Amino acid sequence: MTNSPGAGPAGNDPGELREQVRRTREQLGETVEALAAKVDLKGRAEEKAAHAKDEVQHRTAQVLHLVHGGRTAEHVQTAGAEVARTSRSNRGPVLVAAGVVVAVLAVMVVRRRQSGRWC
C-alpha cells in the first residue's frame with residue numbers, strides 16, 4: 001500500500017499531477033477572490049458611492065443645460081441684472097405686491113392660531 005516517491009496513484013505521471021495541482025490552485029485562487037469581493041463591504045460601498053456620485057453629476061449637468069437653455073453663465077447674469085433694473089424702476093408695484101404677500105401671510109398666521117392648528 002505504500003507508494004514510492006515519484007510514483008503517482010492509479011498510473012498518473014508526475015507531469016499530469018503537476019498540471020492538475022496548478023489548475024486546482026488557479027480555481028481556488030479565483031474562488032477566494034470572488035469570496036473576498038463579496039465580503040468586502042467597504043469596497044462595495046465605495047463603488048456604489050462613486051457610481052451614485054457620477055450619476056448625480058451627470059443629472060446635474062443635464063438639469064443645468066435645460067435650465068440655462070444652452071446659455072452661458074454670462075447670459076444668466078445679464079438676465080438677472082435686467083430683472084433687478086426693472087424692479088428698481090417699478091418700485092411702486094413691487095412694494096404693493098410685497099405688501100399683499102405679507103398681509104396674506106399675516107391672515108394665515110392669525111387664523112391658524114385661532115383654530116389651534118399650528119402645523
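Only a predicted model underlies this, so the values are computations on that prediction, with no experimental measurement involved. Note that the numbering runs from 1 along the sequence shown for the chain.
- Applying the side-chain contact (heavy atoms from CB on, under 4.5 Å) test between Arg22 and each of Arg18, Arg25, Glu26 identifies Glu26 as the sole match.
- Residues passing the side chain to side chain contact (heavy atoms under 4.5 Å, CB included) test with Gln20 are Leu17, Arg23, Thr24, sequence neighbours excluded.
- Atom CZ in Arg113 sits 13.0 Å away from atom CE in Met108 (nearest 0.5 Å).
- Partners of Lys53 according to the side chain to side chain contact (heavy atoms under 4.5 Å, CB included) rule, which considers only residues two or more places apart in sequence or in another chain, are Gln57.
- For residues 27-51, there are no salt bridge (charged side-chain N to carboxylate O under 4.0 Å, His left out) pairs, not counting sequence neighbours.
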